Amino acid sequence: MTDSFHPPVRTLMGPGPSDVNPRILEALSRPTIGHLDPAFIRMMDELKGLLQYAFRTNNDLTIPVSAPGSAGMECVFTNLVEPGDKVIICQNGVFGGRMQENVERCGGTAIMVIDDFGKPVDLDKTEAALKQHPDAIALAFVHSETSTGVRSDAEALCRLANVHDCLAIVDAVTTLAGIQLEVDEWGIDAIYSGTQKCLSCVPGLSPVSFSARAADRIKHRRHKVQSWFLDTNLVMGYWGADAKRSYHHTAPVNSLYALHESLVILQEEGLEKSWQRHRQNHLALVAGLESLGLGFVVEESSRLPQLNAVSFPESIDDGAVRAALLEQYSLEIGAGLGALAGKVWRIGLMGYASNRKNVNFCISGLGNVLNAQGHSCDVSQAVAKAEATYS
Ligand SMILES: *Cc1c(COP(=O)(O)O)cnc(C)c1O
């Protein structure tokens, strides 16, 4: 006989998933009803409105894809890119590389604008690529590069895309609810996010939104969307306001209750307050970790508050520190990814996990582990430095 699975209770301060608010876990356990039940359809309509609030958009085509952030990415590219289309992709981390994969698998051509890991997307290089490729149909970039903790200037990049008559495609998986994002005001045409980062919801859903211009392009495609499951022309038969709400696939009913609850919580706090909270806790973490003698990979002006790429002296054993934190403190922080593997820790302060208690806990846990492994540091001073930023 196999026993029931009871996961350990962790504090999740990595690149996602983040700690889930207990209110959301409670919502998840409410009774399952049919995905065509009138009560469920009413909840779906509220959910669309809540997503429009979080994205700051009036786009009709704003829905959660029934799969994780990577599927939101596929949804955007597979619907917008047809064979032969050219898309300019700015890559400054791991996730930009996945955009290239997506475009090429759709039969498109990816024109890459490459920046170093840890640097924001360069606007001049991007503009040069747009001028050099006037036939490109879209410009795509990652707003919050979770692999490096860098924020790129989404507003300026979207302006460039619009000036050059390109659709602006934005990865906002780690952005949503963590830092400012203005879908309509910035002229974003297609955007996807995830539930398990700054929304602090369970993993497995991907909110997406398409502008009227993008939706029009999808309606008038020359070829059918290659993915049946992600074809928004079909999905909207279930999600669309004017649709007959017919069966497409069985919606992940309980996960959608959870997303609804997480967005209600976001609305209660207020979007701007949520951005401020992420920033305040980030500043406290920076003060404490610098006091421990640790560094930050990203220049101050483009650091993400919700994902901190922290550098450490070469003498420190990366894996041993993370293992000790997990074993002794039940605290998860992230390892480096791609070009930064083994060189940084990625400390997330996302959503529900972005709070003063966690900042304090992470600084003291990390400081104690470093001391135990022979890297002397003053833990109480570091905690005091962090605490001082709150007053
Ligand atoms: C996490 C993440 C993804 C992928 O999301 P999944 O839910 O893991 O599929 C895509 N882009 C960025 C920037 C991310 O941080």
Side-chain angles (χ1 to χ4, degrees), residues 12-20 24 51 55 63-78 89-103 105 115 117-121 140-154 157 168-179 181 188 190-209 227 229-230 252 255-256 258-259 262 278 297-298 302-309 332-341 344-351 353-354:
L12 299 179
M13 297 180 71
S18 62
D19 285 334
V20 178
I24 296 172
L51 284 176
F55 275 133
I63 57 165
V65 172
S66 304
S70 305
M73 183 187 273
E74 294 241 13
C75 175
V76 163
F77 285 102
T78 201
I89 295 172
C90 305
Q91 182 181 8
N92 62 336
V94 168
F95 291 101
R98 293 190 179 179
M99 288 180 153
Q100 177 181 13
E101 274 287 325
N102 270 271
V103 167
R105 283 167 192 245
D115 282 294
F117 273 54
K119 294 271 187 289
V121 171
F141 64 91
V142 179
H143 184 206
S144 299
E145 238 314 337
T146 322
S147 62
T148 63
V150 165
R151 173 173 51 80
S152 288
D153 188 343
L157 286 165
I169 298 178
V170 182
D171 177 318
V173 176
T174 289
T175 299
L176 194 64
I179 54 171
L181 173 68
I188 294 172
I191 191 162
Y192 56 91
S193 188
T195 43
Q196 78 278 29
K197 305 213 180 177
C198 298
L199 290 178
S200 274
C201 185
V202 289
L205 293 171
S206 177
V208 298
S209 184
S227 163
F229 182 66
L230 296 171
S255 293
L256 291 173
L259 178 58
S262 78
H278 282 86
V297 176
V298 177
S302 39
R303 280 180 200 159
L304 289 173
Q306 66 274 48
L307 197 282
N308 299 272
E332 178 182 282
I333 65 169
L337 197 61
L340 295 178
V344 301
W345 294 312
R346 290 182 301 149
I347 301 184
L349 282 169
M350 294 183 181
S354 176

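This one's a predicted model, so the numbers in the text were calculated from it and none came from an experiment. All ligand and atom numbering here is 1-based and tracks the order in the structure.
- When atom types are taken as modelled, the side chain of Asn92 and the backbone of Lys119 share a donor-acceptor pair closer than 3.5 angstrom.
- Among protein heavy atoms, the minimum distance from atom 9 (O) of ligand 1 is reached at Ser70 OG, 2.5 Å.
- Within the structure, the closest approach of Lys197 to ligand 1 falls below 4.0 Å when heavy atoms are considered.
- Interface atoms of ligand 1 facing Gly69, defined by a heavy-atom separation under 4.0 Å, are 5 (O), 6 (P), 7 (O), 9 (O).
- Those atoms of ligand 1 that come under 4.0 Å of a heavy atom in Thr174, given as number and element, are 15 (O).
- Close approach of ligand 1 to Thr146 is summarised as follows: ligand atoms under 4.0 Å from at least one heavy atom of the residue are 12 (C), 13 (C), 14 (C), 15 (O).
- Protein heavy atom in closest approach to atom 3 (C) of ligand 1: Phe95 CE2, 3.5 Å.
- Around atom 11 (N) of ligand 1, the closest heavy atom drawn from Thr175, Asp171, Leu307 belongs to Asp171.
- Here Pro15 has no heavy atoms under 4.0 Å from ligand 1, in either its backbone or its side chain.
- Here the side chain of Thr148 pairs no donor or acceptor atom with the backbone of Gly93 at under 3.5 angstrom.
- When only non-hydrogen protein atoms are considered, atom 8 (O) of ligand 1 lies nearest to Gln196 NE2, 3.6 Å.
- Between the side chain of Ser200 and the main chain of Asp19, a donor-acceptor pair closer than 3.5 Å is present.
- Judged by distance alone, with hydrogens and angles left aside, the side-chain atoms of Arg346 form a donor-acceptor pair with the main-chain N or O of Ala335 at under 3.5 Å.
- The closest donor-acceptor contact from the side chain of His278 to the backbone of Gly351 lies under 3.5 Å.
- Looking only at distances, a side-chain donor or acceptor of Ser206 sits under 3.5 Å from a matching main-chain atom of Ser193.
- Although no hydrogens or angles enter the test, the distance criterion places a donor-acceptor pair under 3.5 Å between the side chain of Gln306 and the main chain of Thr174.
- Near Ser144, meaning under 4.0 Å from any of its heavy atoms, are these atoms of ligand 1: 13 (C).
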